[in-house]
2 protein chains.
Amino acid sequence: MKKVYLKDIAEQLNVSKTAVSLVLNNKGDENKISQETQKRIIKFAKDHNYVPNHLARGLSRGKTETIGLIIPNISDTFYAKIAGSIEARAAQEGFTVVFSSSNESPKKESSLIGDMLNRQVDGLIVASTQKNQKDIKMLMKNNFPLVLIDRNYPDLDTNFVVVDNYGGMNKATKHLLSKGKKRIVFVAINSDLEALKQRYLGYRDAVEKFEGNPNEPIEIYVDYNNYEADVKKKIKEFVEPKLNVDAFVFSTHYLAREGLRALKGLNVKVPEEVAMVSFSDLSAAFDLVEPPITSVLQPVEEMGNMAVDILLDEMGATKVKTMNDKKRILEVEFIVRKSCGS
Amino acid sequence: MKKVYLKDIAEQLNVSKTAVSLVLNNKGDENKISQETQKRIIKFAKDHNYVPNHLARGLSRGKTETIGLIIPNISDTFYAKIAGSIEARAAQEGFTVVFSSSNESPKKESSLIGDMLNRQVDGLIVASTQKNQKDIKMLMKNNFPLVLIDRNYPDLDTNFVVVDNYGGMNKATKHLLSKGKKRIVFVAINSDLEALKQRYLGYRDAVEKFEGNPNEPIEIYVDYNNYEADVKKKIKEFVEPKLNVDAFVFSTHYLAREGLRALKGLNVKVPEEVAMVSFSDLSAAFDLVEPPITSVLQPVEEMGNMAVDILLDEMGATKVKTMNDKKRILEVEFIVRKSCGS
DNA sequence: TTGAAAGCGCTAACAT
DNA sequence: ATGTTAGCGCTTTCAA
């Protein structure tokens, strides 16, 4: 750890710090530093494992080659996967990722954004709580490189990468309807997230506009901080004393997981007595579950990659020219398995 | 984003930068700065949302309130959970986490460590590839705050937090034996990880020393970068043309997942024809899988918390006194489900 | 009690 | 072609 500094190189080689800095930043030629000097500097640096101090460099340049990522919860497989693809893509371009979880708290999110800015991240990718217009607007006003992921503010003109929530859920619900299911229950966490609203609308439109057999939507909303117990409790109300619905549509993977657990606990046969589908898969395990769960799959990797690409473009970090479209709604995939009655 | 700097405060208040810095770092009293000046400074700072620039502060103090976390892969639920608990615990203490994935590459791990040091993290938590003694030794020699997690170097005297791999696997295997299973196959990725070695030994001792019915160990090793296909292929060899084993013991959750997938694909009934157990659970879903999988559960949260606690202690960041034991082997939990034949 | 000034390590405008 | 110098914003020693 005995480090070599720019100064050391300059002294050893009898050149100025400037020269060294310039050369090591590939600006030797444009500053007409002799080839020989350049060679010497580069060789010396390499031989002594010189690495510029990141903080000093960042302080001086106002850039840190760091991307800030704010998500609800890194423990959740969905966000973990997103984080993974973001990290991988960022690493390819020489960026490091600093992540923090907001735990769905707008206040925490706000303070994290402040934190990240203070740490001079070069850009931000955030899966927002969507109750933090203030900061998002502030970032936009300042032209700070920003990409929203998974969750966007419909009223704000930001870059974003989301999936086709409406379409995915609409398709899934229609599939159930086509299988003759009538009383279909939509299950979601209690929140104002645009993504959930879209999923709901996709569901509702499917149900209400189903040709030949329109139906009333039925909804359950559970508390995010207590969803395991809450899902169980609310599902039970449809099952006892007598099962009175045909299917459940879960708006998130973990709700589907707990929902299935609850149904099993209540001895309700899926799909014989009641069908179910899930939006989003769970660690690639929903096909092993009994019954395998029909799911709407999100292109998680693509979301992460795309977000980074847009962000880098926004930061002007890439060689390539500006991307045309920085608002992306990615397609989802609908996988039919046994849980929906085929 | 129009920021207020230390200098601004000093100028506005007609005091020196020193005074401001001291007061804002709670060193006002010990430097005998008048109560009134202190009040003014603090008020002004608060009113103007002053936040010290993190890079500048870090550069100057050589500390950054940042913990570096290096893991094989953040997308993996196991490491995602660990990252989550580390982050949460670190946040409580005012630390931010910078994470990077090594993808099991010692070279990448090494460069990441260099990177992190260069970014002046105050301490490092690493789930090492275990093929990087060089850097670990270097860190130790320099007394750099370090905690190994999940994987440790048996030959090095570092701090670490791991689980009782031997004991967990031993217990699981014995359970199978007690159910009358004889030909039990151990499935692992091909690697020298100490954790896997311990799991293997736990398995082998159980099998070889089983009273009344010692048996030969049978092992399969699959390629990490291609485990899905490889597991499938190798399991097939035990199944076709004729099933000739009684049980599979999977040393990792994702192998168990793929193993089960493979068995299902081959139409082998679990647990009727062959039993199985898994080390580690998968996103809390192994109880929903058919059949529910008997698993050895790792105390993921505790691992993360413990690692942070040890690290902070190591960095001298906590008020509390030095911890006595910085080598922890945590207990695992053994959950019996249907997949092992009860 | 308070302030001047040096320094953390690097970058970049400006001279030479 | 190369070097001087002034920052980046904060901490901290030392002097007043």
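Order of the sequence lines fixes the chain letters, A, B, ..., with proteins taken first and strands second; residue numbering starts at 1 for each chain.
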Length of the CG-C1' vector between B:N53 and C:dC8, whole Å: 13 Å
Atom-pair distance (OH on A:Y50; C1' on C:dT11), nearest Å: 10 Å
Sugar-phosphate only, base, or nothing, as touched by B:L22 at under 4.0 Å among non-hydrogen atoms: base
A:K7 NZ - D:dT5 P separation (whole Å): 16 Å
Touch class at under 4.0 angstrom, heavy-atom based, for A:T18 against every strand present: base
Integer-rounded Å distance: D:dT11 C1' and B:I9 CD1: 14 Å
Separation of atom CD in A:E11 from atom P in C:dG9, rounded to whole Å: 13 Å
Length of the line joining B:K27:NZ and C:dT2:C1', which is rounded to integer Å: 17 Å
Sugar-phosphate, base or nothing in reach of A:K63, heavy atoms under 4.0 Å: nothing
Contact under 4.0 Å: A:S60 side-chain N or O vs C:dG9 OP1/OP2: no
Closest-nucleotide ordering on DNA chain C, the 5'-leading residue of B:S16 and B:A56: B:S16
Length of the CD-C1' vector between B:E30 and D:dT13, whole Å: 14 Å
A:A19, nearest nucleotide to its side chain (from C:dG3, D:dC10, D:dG3): D:dG3
Sugar-phosphate, base or nothing in reach of B:N14, heavy atoms under 4.0 Å: sugar-phosphate
Residue-phosphate contact under 4.0 Å: A:R57 side-chain N/O, C:dT11 OP1/OP2: yes
Sub-4.5 Å side-chain heavy-atom contact between B:K108 and B:N103: yes
Sugar-phosphate only, base, or nothing, as touched by A:N31 at under 4.0 Å among non-hydrogen atoms: base
A:S128 and its side chain to side chain donor-acceptor pair (under 3.5 Å) partner, picked from A:E104, A:E109, A:Q133: A:E109
Side-chain H-bond candidate by donor/acceptor type, B:Y50 with B:D8, under 3.5 Å: no
N or O in side chain of B:Y5 less than 4.0 angstrom from D:dT11 OP1/OP2: no
Sugar-phosphate, base or nothing in reach of B:K17, heavy atoms under 4.0 Å: base
Sugar-phosphate only, base, or nothing, as touched by B:S21 at under 4.0 Å among non-hydrogen atoms: base
Polar contact flag, side-chain donor to acceptor under 3.5 angstrom, A:Q38-A:D29: yes
Nearest-angstrom distance from the residue atom NE2 of B:H54 to P of D:dT11: 11 Å
Test: B:E11 and B:K7 ion pair at under 4.0 Å: no
